[in-house]
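Excluded from the calculations below are hydrogen atoms, water molecules and symmetry mates; all remaining heavy atoms, backbone and side chain alike, are included.
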Amino acid sequence: MGNVDAPLDADEAGRVLRRARGLATEHGVDDDTDAVVSGAGVSGQALVEAAAEVGIDPDSVRDALALERFDADLPERGRLDRLAGPGAVAVERVVRREPDAAVADAEAWLAVTYRMRCIRTADGELECRPRSGITAVAGRSMAGATGEANIKAVERLIVAVQPLELGASDEAPRTLVRFIAVREGSRRRRLGAGSMAGVAGVGVGVAGATAGAMVAGPLLAVPFLVGGFSVMRSGSRHADKVELELVRVLSAVDRGERPVGLVGRAARRARRAVADVRDGTD
């Protein structure tokens, strides 16, 4: 998470206030001015006070200021993301939970369902990595076979939270929870394998053409080129599966659901099967 107390330059101050006005509008808070205050080196507190003087809700400014710093940690998009998926998949959601409770539930899901080992960092984030060992690997494989766990080939997963003030209360807190799943290794391997297949295909085509098989050479190269593209493209599908699974975990955190182990999931599926049989015989 970024440093909320760090001074803002003119562009950042303008973005924060424009974002604050947008947040205020979303939550139905009156805002009677179009003024935007900015200045070089302005502190966050000075920005809040200046905004209040021109009629912008202070809570919306505080949230916008926090989100401006929070968004600085988002991964940047790369040139090959559309082909092989991004190197880091980011998913976020505003949940009606206190920050500590949201982090604790996220840690429970990642530890129980996905066999990850998590630690709290100095800036309050949760950093998780897949546990090694036969038991952990077997557990992830069994969970994946059921279709209920698709966070595979992820090197590291970061959980960050940012409490929000606008629209929050003691009875109904609001916290922005963000998951960032780092999959640089998987992406790099898929791009490498796909590139090698493509190079092999070009080589086969050139060799065939050199040998005089002007038609057969290029045709022999096609499977290599198509296969290489498919390997690269599989990275995008993997990123989509990771994103979908993270959205599911965030939904569970929002509802306050606790994770269930392999035995519990097997029992749950058995109960569903029995219920379906009963429904079919009624």
Side-chain angles (χ1 to χ4, degrees), residues 1-4 6 12 15 19 66-95 99 102-132 136-137 140 143-144 148-164 175-195 229-254 259:
M1 292 181 287
N3 181 9
V4 177
E12 289 174 329
R15 282 199 307 270
R19 189 171 196 170
L67 292 173
E68 177 76 12
R69 300 308 193 194
F70 195 62
D71 286 353
D73 295 330
L74 278 172
E76 296 182 359
R77 302 289 294 182
R79 290 182 301 151
L80 298 176
D81 286 0
R82 294 177 65 86
L83 176 63
V89 177
V91 175
E92 62 184 31
R93 178 171 181 163
V94 176
V95 302
V103 171
D105 282 0
E107 182 175 5
W109 275 92
L110 296 174
V112 173
T113 305
Y114 307 103
R115 303 300 196 279
M116 289 187 168
R117 178 178 288 107
C118 302
I119 60 171
R120 300 288 182 103
T121 63
D123 55 1
E125 294 181 347
L126 190 69
E127 185 169 323
C128 305
R129 297 177 184 271
R131 293 205 305 265
S132 59
V137 173
R140 282 193 292 271
E148 295 187 10
N150 292 311
I151 304 181
K152 301 177 181 177
V154 168
E155 308 150 34
R156 185 164 52 100
L157 201 150
I158 300 168
V159 181
V161 294
Q162 176 60 56
L164 302 176
T175 300
L176 178 63
V177 182
R178 175 180 294 156
F179 288 167
I180 300 178
V182 180
R183 51 178 296 274
E184 284 286 357
S186 171
R187 182 176 185 269
R188 188 164 50 248
R189 288 190 295 273
R190 294 170 196 266
L191 286 172
S195 298
F229 177 81
S230 298
V231 171
M232 294 183 184
R233 187 62 181 163
S234 68
S236 180
R237 293 192 294 272
H238 171 254
D240 290 342
K241 289 181 179 180
V242 171
E243 180 178 358
L244 181 62
E245 190 68 10
L246 292 178
V247 168
R248 188 168 72 166
V249 175
L250 273 176
S251 298
V253 171
D254 191 18

>> Using the rule given for side chain to side chain donor-acceptor pair (under 3.5 Å), can you reason through R190 versus S234, listing the C-alpha separation, both sets of side-chain angles and the distance that settles it, and then say yes or no?
In response: CA-CA 8 Å; R190 294 170 196 266; S234 68; 2.8 Å; yes

>> Please determine whether side-chain contact (heavy atoms from CB on, under 4.5 Å) holds for the pair L250 and V177, giving the CA-CA distance in whole Å, both sets of side-chain angles, and the decisive distance to 0.1 Å.
In response: CA-CA 8 Å; L250 273 176; V177 182; 3.6 Å; yes

>> If you apply the rule side-chain contact (heavy atoms from CB on, under 4.5 Å), what do you find for S186 with R189, and how did you get there?
In response: CA-CA 5 Å; S186 171; R189 288 190 295 273; 3.9 Å; yes

> Hey, mind stepping through L80 and R187 against side-chain contact (heavy atoms from CB on, under 4.5 Å) and telling me if it holds?
Replying inline: CA-CA 10 Å; L80 298 176; R187 182 176 185 269; 3.4 Å; yes

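Shown here for D254 and V94, the closest heavy-atom pair between the two residues is OD2-O, 4.4 Å. Here the closest heavy-atom approach between residue M116 and residue C128 is recorded as SD-CB, 3.8 Å. Contact record, V159 with A106: CG1-CB, 4.2 Å, taken as the closest heavy-atom pair. In terms of heavy atoms, A239 sits closest to G85 at CB-CA, 4.1 Å. Contact between W109 and Y114 at its shortest, heavy atoms only, is O-CD1, 3.4 Å.
The shortest side-chain heavy-atom distance between V249 and F179 falls under the 4.5 Å cut-off. Taking 4.5 Å as the limit, every side-chain heavy atom of L157 sits out of range of all side-chain heavy atoms of V182.
Of the listed residues (V247, L176, V161), just one forms a side-chain contact (heavy atoms from CB on, under 4.5 Å) with E92, and that residue is L176.
Rounding to the nearest 0.5 Å gives a distance of 4.5 Å between SG of C118 and CG of L126. With values rounded to the nearest 0.5 angstrom, D81 atom CG is found 10.5 Å from R79 atom CZ. In this structure, S132 OG and R115 CZ are separated by 13.5 Å, a value rounded to the nearest 0.5 Å. Residue E184 holds its CD atom at 9.5 Å from CG of L191, rounded to the nearest 0.5 Å. The CD atom of E125 lies 11.0 Å from the CD1 atom of I119; values are rounded to the nearest 0.5 Å.
Of the possible polar contacts, one joining the R233 side chain to the R82 backbone as a donor-acceptor pair under 3.5 Å is found. The closest donor-acceptor contact from the side chain of R183 to the backbone of P86 lies under 3.5 Å. Between the side chain of R156 and the main chain of I180, no donor-acceptor pair closer than 3.5 Å is present. No donor-acceptor pair under 3.5 Å is formed between the side chain of R178 and the backbone N or O of R93.
Scored by the salt bridge (charged side-chain N to carboxylate O under 4.0 Å, His left out) test, R117 finds no partners at all (sequence neighbours excluded). In terms of the salt bridge (charged side-chain N to carboxylate O under 4.0 Å, His left out) criterion, E243 has no residue partners (sequence neighbours excluded).
More than 12 heavy atoms of other residues, nucleotides or ligands shown are found within 6.0 angstrom of CZ on R120.
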